[in-house]
Amino acid sequence: MQFAVSRSPIYTDASASPLLITTHTPIPYISSMGKLSLSLLSFLLLLGLGYAFTEQQGECQLSNIDAREPSYRVQSEGGQTDFWDNHNNEFRCAGVSIRRHIIQQRGLLLPVYHNAPVLVYVVQGRGTYGVVTSGCVETFESGQQQQFSREERSQRFREDRHQKVEEFQKGDVIAIRAGDAHWVYNDGDQELVVVVFHHNSNFANQLDQNPRSFFLAGNPGNEQEEEQYRRLRGSKRGQEAQSELGNVFSGLDDELLAEAFNVDVETARKLRGQNDERGHIIRAEKSIQLIQPHRSRQERHNGLEETFCSARVKENLDRASRADFYNPRAGRFSTLNSFNLPILSFLQLSASRGVLHRNAIFAPHWYTNAHSLIYATRGASRLQIVNHRGQAVFDGQVREGQVVVVPQNFAVVKQAEEQGFEWVAFNTNENAAINTLSGRTSAIRGLPVDVVANAYQLSREEAQRIKFSRQETLIFNANDARRSA
Amino acid sequence: MQFAVSRSPIYTDASASPLLITTHTPIPYISSMGKLSLSLLSFLLLLGLGYAFTEQQGECQLSNIDAREPSYRVQSEGGQTDFWDNHNNEFRCAGVSIRRHIIQQRGLLLPVYHNAPVLVYVVQGRGTYGVVTSGCVETFESGQQQQFSREERSQRFREDRHQKVEEFQKGDVIAIRAGDAHWVYNDGDQELVVVVFHHNSNFANQLDQNPRSFFLAGNPGNEQEEEQYRRLRGSKRGQEAQSELGNVFSGLDDELLAEAFNVDVETARKLRGQNDERGHIIRAEKSIQLIQPHRSRQERHNGLEETFCSARVKENLDRASRADFYNPRAGRFSTLNSFNLPILSFLQLSASRGVLHRNAIFAPHWYTNAHSLIYATRGASRLQIVNHRGQAVFDGQVREGQVVVVPQNFAVVKQAEEQGFEWVAFNTNENAAINTLSGRTSAIRGLPVDVVANAYQLSREEAQRIKFSRQETLIFNANDARRSA
Amino acid sequence: MQFAVSRSPIYTDASASPLLITTHTPIPYISSMGKLSLSLLSFLLLLGLGYAFTEQQGECQLSNIDAREPSYRVQSEGGQTDFWDNHNNEFRCAGVSIRRHIIQQRGLLLPVYHNAPVLVYVVQGRGTYGVVTSGCVETFESGQQQQFSREERSQRFREDRHQKVEEFQKGDVIAIRAGDAHWVYNDGDQELVVVVFHHNSNFANQLDQNPRSFFLAGNPGNEQEEEQYRRLRGSKRGQEAQSELGNVFSGLDDELLAEAFNVDVETARKLRGQNDERGHIIRAEKSIQLIQPHRSRQERHNGLEETFCSARVKENLDRASRADFYNPRAGRFSTLNSFNLPILSFLQLSASRGVLHRNAIFAPHWYTNAHSLIYATRGASRLQIVNHRGQAVFDGQVREGQVVVVPQNFAVVKQAEEQGFEWVAFNTNENAAINTLSGRTSAIRGLPVDVVANAYQLSREEAQRIKFSRQETLIFNANDARRSA
């Protein structure tokens, strides 16, 4: 059976944006650090479109949603970042944005904090990360601590103390609060790929909905980039243009920094990274050897998380044994919310992970309390999204590496294509509530059969079939008999 | 005594809108279903004015408030719905909207969910409703359940299981969460009249403030209507126009629905209601016989409501014995908030019901934490609303069937006219806090007498009279002696 | 050493606004009450600029922040109020505004309530205030209560009962909920100076972000002022212009008020204050003698605050013994949040008070969850504020009487000038979380030394110095040895 496209299909090549790239075509860029990066220019150009935001503030027609690929790429010494244009209508309306870091071996994403809470999903590889919160105790200390006085230790070469670092791997979700600085290091043996979801309209962000990333090191957004950006922006809109990337230290005075850190001015100057041309993901020239407990100890947690300093922020969503819904012939679905990762109640976000086998269907449903951003991690699916007018605002294919935003209350249905479909979804509520239209726990099944019969002009027998024929809950295997008919 | 109108009186015929109708004049409409409904066109036209919203986003001058009547009517087979134009300034600023369903005997309001929480008040009649939440257990089952296996039962004619249904009657308030589907059936012996209050700016709605109603059946907004709407809108604004009503199934694919429901394609197609010309309120052709416990059992509740599935959502506000404020000569006032209906703490809404006798006064007051939408259920009242500039932004009459929005912190006073006045008010806070300017518990009484004397340039004796002369709290009987003087 | 200004310094004379005044120059005004007040006109004119708000709604470029002085002054019989223009970009983006009352001896700020929660800081002097909440019991009663019946008492000259009044003094912070009426009386022996911080974008305000003050007495905004205002505004924008000040009683009908208060019409008319030319701060012609417990009893509180009626709303932030951070050579820092003043959890606001000695440094830091408005109470400081692009959006001096807004997540550093620096800060979160960049509990110290070394291209020895050299936490004394080098 072919998946029938019943209404004006909206194909997902998103030809509207000349900057858009497809995942199967290598993105051209000028890789030399410190020279002009065309991708970065694109990035900055698109950020500039933020001015257009105000013109439609408060109105979300959402009559057309697209499967989106990244709009621009920022290349760095140790990796690259693909940005989705957060000024697309559905991103703006949902107050969300997303980016994807591809970090090479020994690549280090410099310490950064954001103006909104973020959820990270690890698509590929493994690595180590740290979230540093000022005021939390440095609980990781090197082993020589008993033998030396505090002053001696801090001067010694291989000694250190710092806040918790943690390993992560494919399938992990990591939750980070607005304003908490964090860094990521690829100490694995392959490229590390993570997608980072920003909820810019979250209560935790009191400024406008633009994503803002405050780096604590390096020199993202250097002078050449700014100049080019200014030229592009100037020709387009005539407004003063500035790079959207930067190191907060670069705006502070050398001598004041020297006093604040009690170091000499030359050392302090290095905090500002003015001649650093490595970008925001660097290659670790010096080996990074981290104090770490054994992995087994890391995995243990007792649910007792008294403060933000010791709160658990990571959970793996990939293990099949963890599934909340499971159908051996159709697939599985796992959810991560404030009940199984309590810090999510502070972030007011949740996530889920779905795996659909060949041709399997994820029940038509809507979220009553959340927008949902779907990132396709493997395969492809047909997807239909319907608004309150009964219109299919999206009816097409979503495939690996693409993103679709499903607005709150809009109905959506998925059917995997031949190769199956896997995705991670980020939801703007700590406990996103799913309402299904068909299946064992659906809203339709909650209606009296006489109401169903009258509403749909069915006989009572038909109404009962509508209510009771589908026994599964959320994930159905397609009926091959019917399909071949 | 005549009620003195001290400042530019604003009469409530609201002549600004040529579409506006008065309650005493029958609304003309073309009743044949499936043909063009002029009222619906009006409705759609007005919804289109939503584009104008953006122009004033963020600013609420509110120098003029009106007593509003419905702006358009949508006629259906089994009843009609009157819509107030939610783009009026005070509705938009308060983030609220309201509509009134008039459901004939055997009329069924098709299952629908909204993008915002709603409060329903039953103005007239009685009926049965159900709120279906996906995932909640079907707790109502027909009696034959012991005799048959599950499979047999679901195939049998008169057997069924579904979620809770409940009867309701005049004076009931029903609270419904955003995204929860619900239906209403008039199985009473007269027309059923309900007003439905939407709080579009509620935290529970993460999209813009437009009310969105997602029907699960029928064909509201059919092609003819769309065509006419497009013509009207096109001539007016040149933008693509679309009906604002629809059945979410209509945007989904027949064959996919067939698989999702595990039924044949012909049955699945009926879910989409494409040739259904009955509108959103249908006449039940097949008798609707609902599984229901005895009424006495329904009324019992022990306050133990563990989940949303079993939460109580209904309470009667009309019974005089329930009054929170009562003055036999002047009237009564009843409040419904999260203390007596706990689900309201989730909805962040509350309601109240007032009855004023002839010429009685409701103390001048302001709500510190809520906007208030007043729907007049009987009689008429003089009403004055004052902004922070000391201007009467409304000074006129409100009568049965009209709506007035009182913005947060604005001062308001009511005096019933000869026939008395009754109203229901919907407030945008789970525990709307009323501050009175006069009476036993008023703010003025909380001031030291010396502060009162200096502030108002009164003698201490006058200041004491201002503080202490009015012994009643909220509802006063007018002093006929003074009035005749 | 000179404080090095590393980037385009932004001087704080804010010459952009021709209406702006400096604190060292007497503000010219026409003092006769009832005649035209030029300052008030300026005030009204600036309020009118609120229309411009909508044009940038939702976007906050914030590429330039200023140290602001008041934009206009409103003169009254018993004092004056200096208003900061809340339409400045950083005020608007942060959703905050501020004003300063200077109340002469025996001056009474008339009872007023606001549309947003406010925090008051007492800069100079002492006085008495009352917060009146309708429905709270009048707990302060004069002593003769046992000897007379209720009716007799209320007629007697010196008897009274009213809600709690409380004394306050320099250094006190007072928290007032949105919609709660309050008054202030200067019964001290010098001018009383208070600054009032409004959080207009607080959840408690459901209208737009304009500050609205509802007076319960007097005649702020009289006819002459309105006429002048209309003229100015009309020439500027062609829209209808109205004074932004008023007494809510003035919009209510005399006779209706007479009935509501059960007094004669002549007394009721005085509530409306139509011919009152004293302004919003009056001089108490009649002595104000308040029922008050002994001061010692007032200071006692046991932390048991069961209702809003008895909640503690005041705390002194000036006492050195109260400091949360203290460094005898550098200064001190005290915080007031929901843990030490529980009502702040309802207001979602907090405050802090800082004292820096000569040349002392307040560590570079950012607030993860709050905007911060700094009011300089004494001395001067160099201040740098850095945005996410690494740009110094402010780099200049802040001195006594000026205000600076630090947006959420923006990095900021202070260094006191020769005379030292003192300030109060108001934060838009009940527990504003500070993250430092340097010092013993800083984010940098939480990073592994190898991450620091690679990120900043430092040797491990330098990285350790960056992490560990500064032992103090928040307030550092400048290293004079280095400075002279």
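When reading the values below, keep in mind they use all heavy atoms of this one structure, side chains included, and skip hydrogens, waters and symmetry mates. In what follows, every chain begins at residue 1, and chains take the letters A, B, ... in the order their sequences are listed.
Nearest heavy-atom pair, C/L437 versus A/F261, reported as atom, atom and distance to 0.1 Å: O-CZ, 3.1 Å. Taking every heavy atom of both residues into account, C/I361 and A/A260 meet most closely at CD1-N, 4.3 Å. A/S287 and C/D450 get closest at one heavy-atom pair: O-OD2, 3.4 Å. Of all heavy-atom pairs spanning A/I282 and C/N454, the tightest one is CD1-O, 3.3 Å. Closest approach of C/S469 and A/V263 over heavy atoms only: OG-CG1, 4.1 Å. Annotation for C/A455 and A/R278: closest pair O-NH2, 2.8 Å, computed over non-hydrogen atoms.
Each of C/R460, C/R445, C/K467 was checked for a salt bridge (charged side-chain N to carboxylate O under 4.0 Å, His left out) with A/D160, and the lone residue meeting it is C/K467. A side-chain contact (heavy atoms from CB on, under 4.5 Å) with C/N409 is found for one member of A/L207, A/N115, A/V248 and no other, namely A/N115.
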For a side-chain contact (heavy atoms from CB on, under 4.5 Å) check, start with the C-alpha distance between A/L256 and C/Q384, then their side-chain angles and the critical distance, and finish with the verdict. CA-CA 10 Å; A/L256 189 49; C/Q384 291 189 301; 3.7 Å; yes

CA sep, side-chain torsions, deciding dist, call: A/D276, C/Q457, side-chain contact (heavy atoms from CB on, under 4.5 Å): CA-CA 9 Å; A/D276 189 340; C/Q457 296 180 295; 3.8 Å; yes

For A/Q206 and C/S201, what are the C-alpha separation, side-chain angles and deciding distance, and is it a side-chain hydrogen bond (donor to acceptor under 3.5 Å, both in side chains)? CA-CA 9 Å; A/Q206 296 190 20; C/S201 63; 5.7 Å; no

Determine whether A/F214 and C/R389 satisfy the following criterion, side-chain contact (heavy atoms from CB on, under 4.5 Å), listing intermediate values before the conclusion. CA-CA 7 Å; A/F214 297 76; C/R389 296 188 194 107; over 6 Å; no

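Only the backbone of C/N369 has a heavy atom closer than 4.5 Å to any heavy atom of chain A. Of the atoms belonging to A/L216, heavy atoms from both backbone and side chain fall under 4.5 Å from chain C. In this structure, chain A has no heavy atom under 4.5 Å from any part of C/A363. If you measure heavy-atom distances from C/P448 to chain A, the contacts under 4.5 Å come from both the backbone and the side chain. Heavy atoms closer than 4.5 Å to chain C are found in the backbone of A/A204, but not in its side chain. When heavy atoms are compared at a cutoff of 4.5 Å, C/S442 approaches chain A solely by way of its backbone atoms N, CA, C and O. Within the 4.5 angstrom heavy-atom criterion, atoms from both the backbone and the side chain of C/L447 approach chain A. Residue C/F410 touches chain A through both its backbone and its side chain, counting heavy-atom pairs closer than 4.5 Å. Heavy-atom distances place no part of A/F215 under 4.5 Å from chain C, backbone and side chain included. Interface remark: C/S459 contributes backbone atoms only to the contact with chain A (heavy atom separation under 4.5 Å). Residue C/I444 touches chain A through its side chain alone, counting heavy-atom pairs closer than 4.5 Å. Only the side chain of A/E138 comes within less than 4.5 Å of a heavy atom of chain C; its backbone N, CA, C and O stay farther away.
Under a 3.5 Å cut-off, the side chain of A/K286 and the backbone N or O of C/L458 do form a donor-acceptor pair. Looking at C/W366, its side chain does come within 3.5 Å of a backbone N or O of A/G179 through a donor-acceptor pair.
For the atom pair CG of A/N262 and CD of C/E472, the computed distance is 7.5 Å after rounding to the nearest 0.5 Å. To the nearest 0.5 Å, atom CG of residue A/L257 and atom OG of residue C/S438 are 8.0 Å apart.
Classification of the C/Y456-A/F249 ring pair by plane angle, with boundaries at 30° and 60°, yields perpendicular.
A salt bridge links A/K270 with C/E462: the distance from a Lys NZ or Arg NE/NH1/NH2 to an Asp or Glu carboxylate oxygen falls below 4.0 Å. The pair A/D253-C/R382 does not count as a salt bridge, with every side-chain nitrogen at least 4.0 angstrom from each carboxylate oxygen.
If you check the side chains of A/E259 and C/Q415, you find a donor sitting under 3.5 Å from an acceptor.
Taking a 6.0 Å sphere around CG of C/D324, one finds it holds more than 12 heavy atoms contributed by other residues, nucleotides or ligands. Residue C/F203 places its CZ atom among more than 12 non-hydrogen atoms of other residues, nucleotides or ligands, all under 6.0 Å distant.
When C/A411, C/G446, C/P364 are compared by the number of non-hydrogen pairs under 4.5 Å with chain A, C/G446 comes out ahead. Counting heavy-atom pairs under 4.5 Å between each of C/I466, C/N429, C/L62 and chain A puts C/I466 at the top.
Side chains of C/F468 and A/R161 form a contact here, defined as non-hydrogen atoms less than 4.5 Å apart. Contact annotation: the side chain of A/N205 approaches that of C/Q408 to within less than 4.5 Å [non-hydrogen atoms, C-beta and beyond].
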